[in-house]
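Predicted model, so just to flag it, every value in this text is computed and none were measured. Basis for what follows: all heavy atoms, side chains included, without hydrogens, waters or symmetry-related copies.
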Amino acid sequence: MGDSQASTVISTAPHKAVVELESATVRFCGDSGDGMQLAGSQLTNTSALVGNDVATFPDFPAEIRAPRGTRAGVSGFQIHFASKRIFTPGDQVDALVAMNPAALVTNIQDLVPGGILVVDNDSFTKRDLQIAGCNSNPLEDGTVDGYQVFRVDITRLTRLAVKELGLSTKEADRCRNFFAMGLIFWLYDRPLEPTLRFIIDKFGRRPDIAEANRRALLAGYNYGETTEAFAHRYSVDPARLPPGLYRNITGNQALAWGLMAAAKLSRCDLFYASYPITPASDILHELARRKNFGVRTFQAEDEIAAVTAAIGAAFGGAMGVTGTSGPGLSLKSEGIGLAVMTELPLLIIDVQRAGPSTGMPTKTEQADLLQAMFGRHGECPLPVLAASTPADCFDIALEAWRIAVRYMTPVILLSDAYLANGSEPWRIPSMSELPPIEVEHPSAASDGKPFQPYARNSRLARPWAVPGTPGLMHRLGGLEKQDVTGAVSYDPQNHQHMVDLRAKKIAGIAKELAPLEVEGPSEGGVLVLGWGGTYGALATAVRLLWQNGQPVAHAHLRYLNPLPANLSHILARYDRVLVPELNAGQLRKLLRAEFLIDAVGLNKTTGRPFAVREVVEAIENLL
């Protein structure tokens, strides 16, 4: 098996030998209507429940309604589950389930040599092949040579399993994903109980559909048990994770929950304004379900309305948040400038996707860094943070809000499609573990003097006065303000002073940031410096090279503006610096400009995350 370095036959059941693996990687792929995301999600949740460490990579078609059976309409879900700590969903897959020819030909290159290939044999008709653009049948023309191929009549067997329920052919065929799921659950010794409970919860209002899915799941499981085709089944033991209560969580879920936790810790009302956009929409969906926690959500008519509504909430003393992706960040830029000028705490979440323009909405990229840093007119600095893993999205939401209210500034929080849709086990913290986020609203003017909305504390933050508080009347707007008083000012020297002051405030954040940590040797060799969702691939690649005694270290940036105060000292200690990014080299440009170092880039914009082998090869070339 590809990612399963150690395997041992631990028992021989009456039917099949059981092989113990350290890890396994499975991918379901089929048409966008075949339920591959649901199948992958259930395998993920079940693996998490049995104690495995998991990492996932859902892959959606970019077109909303691509023609059925075409390569453009292929949807996939990859899950890596293991008995050890893992950081990526795997470079290659050990088992591939392909529901049609298009799914097979677009995914077969990621199956390890000798890997398991399960196909729905009923979906390889002449018409299916034509729709997929296949001149010949890939099951017969040598395409699948070198793999363990299992041609299963999934469609026919599913229809037989649900025949007595009187469903239409279309309804019966929609249960095929549960048959495939059952077969994979048997193959990797996964319990069925969690999915059986899911079926009741999900389809309980349609007893006939619930029963059909249950029968299809059991039919797939029993097929694996009774057929002579499979010589083995496989088992992956639980991982040794730190003790605690865990659940599986995606990056978008974690961001939503982090925002709710931050609102609770700061005793602020959460107001989330957003215009639906892939891949950020799930944050809005999740928060809209949480009205019981006092969350207010606003689906705006456009991106400009969303950001200005969030600014209005911040002006009123609430936790104002807006979320979007790259195209929306462009539209929000003037509004973000307004938040910088008014010096209000505001969170702007950018779940990056492949661009420019509409680009590839369901594919990942890290190409919004320069836009986050500089994509506003005038001198308009603000803090920029980036999450590194799906679970880290929870923590970084807390940190972003802490910075926003401490320094009275808007903050951009960068995620990406890979983190947003990917998932991993997350240890659920208790609220008592999380430090409070201090928020101060002045209650009255002091000493009888007029309220000064731009008076500053030691961090250069102005007071966050809530409108309507007696004695604290003030106005905010986009015109330049006179220092301290907040009156509109056209004085050239005041403008220079205020521009410098706003920049100094943001730069001063670096003094309170935790020092950047480095894993591996403290000097010499190669430093791999990354940011954002590349963390898993970089961490895994570096650990592989450590096993061979290679002098390579890894540091991952959480704070992109301002950069950590100790970064320049770290960069000076290494012979070479490699900066892997899913863009054309944006962080590398910033590092070269700021520190005058000859950083080397590893860059791609394919819409797919780094494979570990790509990073290993780049490091070895530098070494």
Side-chain angles (χ1 to χ4, degrees), residues 85-88 366 369-370 372-374 381 383-389 392 395-396 399 403 414 503-504 506-604 609-623:
R85 187 76 175 95
I86 57 175
F87 301 97
T88 76
Q366 290 182 294
L369 175 56
L370 294 182
M373 292 284 291
F374 308 115
V384 179
L385 284 69
S388 58
T389 68
D392 183 51
D395 296 323
I396 206 162
E399 179 67 3
I403 290 173
L414 297 175
K504 185 178 179 181
I506 302 306
I509 296 172
K511 292 182 286 188
E512 293 190 355
L513 300 181
L516 179 64
E517 296 182 357
V518 178
E519 296 181 295
S522 60
E523 61 183 359
V526 173
L527 172 68
V528 180
L529 183 64
W531 68 278
T534 60
Y535 174 81
L538 306 190
T540 304
V542 167
R543 282 159 175 75
L544 288 174
L545 290 166
W546 286 348
Q547 295 175 11
N548 299 326
Q550 299 283 17
V552 56
H554 175 213
H556 215 74
L557 290 170
R558 183 184 192 82
Y559 307 98
L560 295 161
N561 191 46
L563 292 164
N566 65 329
L567 179 56
S568 61
H569 301 291
I570 290 173
L571 295 174
R573 298 202 304 257
Y574 293 90
D575 300 331
R576 306 299 299 274
V577 177
L578 177 68
V579 185
E581 300 178 82
L582 299 178
N583 58 43
Q586 297 186 14
L587 175 61
R588 186 175 82 249
K589 287 183 174 68
L590 297 177
L591 295 174
R592 285 178 166 180
E594 183 73 19
F595 303 109
L596 302 178
I597 64 164
D598 187 22
V600 178
L602 172 62
N603 304 99
K604 72 173 187 178
F610 281 118
V612 173
R613 63 180 180 273
E614 293 176 306
V615 183
V616 169
E617 290 172 3
I619 297 171
E620 288 178 336
N621 288 337
L622 286 183
L623 289 170

Q. Would a distance-only check, ignoring hydrogens and angles, find a side-chain to backbone donor-acceptor pair under 3.5 Å from Asn566 to Leu516?
A. yes

Q) Got a salt bridge between Glu399 and Arg558, using NZ or NE/NH1/NH2 to carboxylate O under 4.0 Å? A) no

Q.
Please check this pair: side chain of His554 against backbone of Val518, looking for a donor-acceptor N/O pair closer than 3.5 Å.
A. no

(Q) Test your reading of the model: is there a side-chain donor-acceptor pair from Arg592 to the backbone of Ala599, 3.5 Å cut-off? (A) yes

Q) What residues, two or more places apart in sequence or in another chain, satisfy side chain to side chain donor-acceptor pair (under 3.5 Å) together with Asp575? A) none

Q: Would you name the heavy atoms of Pro521 and Val552 that are closest together and state the gap between them?
A: CD-O, 3.2 Å

**Q.** Of Leu414, Leu563, Ile506, the residue whose pairing with Val384 passes side chain to side chain contact (heavy atoms under 4.5 Å, CB included)
**A.** Leu414

Q | Results of side chain to side chain donor-acceptor pair (under 3.5 Å) for Gln366 - residues two or more places apart only | A | none

Q | Arg573 side chain to Ser522 backbone, donor-acceptor under 3.5 Å | A | yes

Q: Applying salt bridge (Lys or Arg N to Asp or Glu O under 4.0 Å), name anything that partners Glu512, two or more places apart in sequence or on another chain.
A: Arg406, Arg459

**Q.** Side chain proximity check, Glu519 to Arg543, heavy atoms < 4.5 angstrom
**A.** yes

Q) Going by heavy atoms in the side chains, are Tyr559 and Ile403 under 4.5 Å from each other? A) yes

Q: Could you tell me whether the side chain of Lys604 and the main chain of Pro609 form a donor-acceptor pair under 3.5 Å?
A: yes

Q. Do Asn583 and Glu581 have a side chain donor and acceptor closer than 3.5 Å?
A. yes

Q.
Donor-acceptor pair, distance only, cut-off 3.5 Å: does the side chain of Thr540 make one with the backbone of Ala537?
A. no

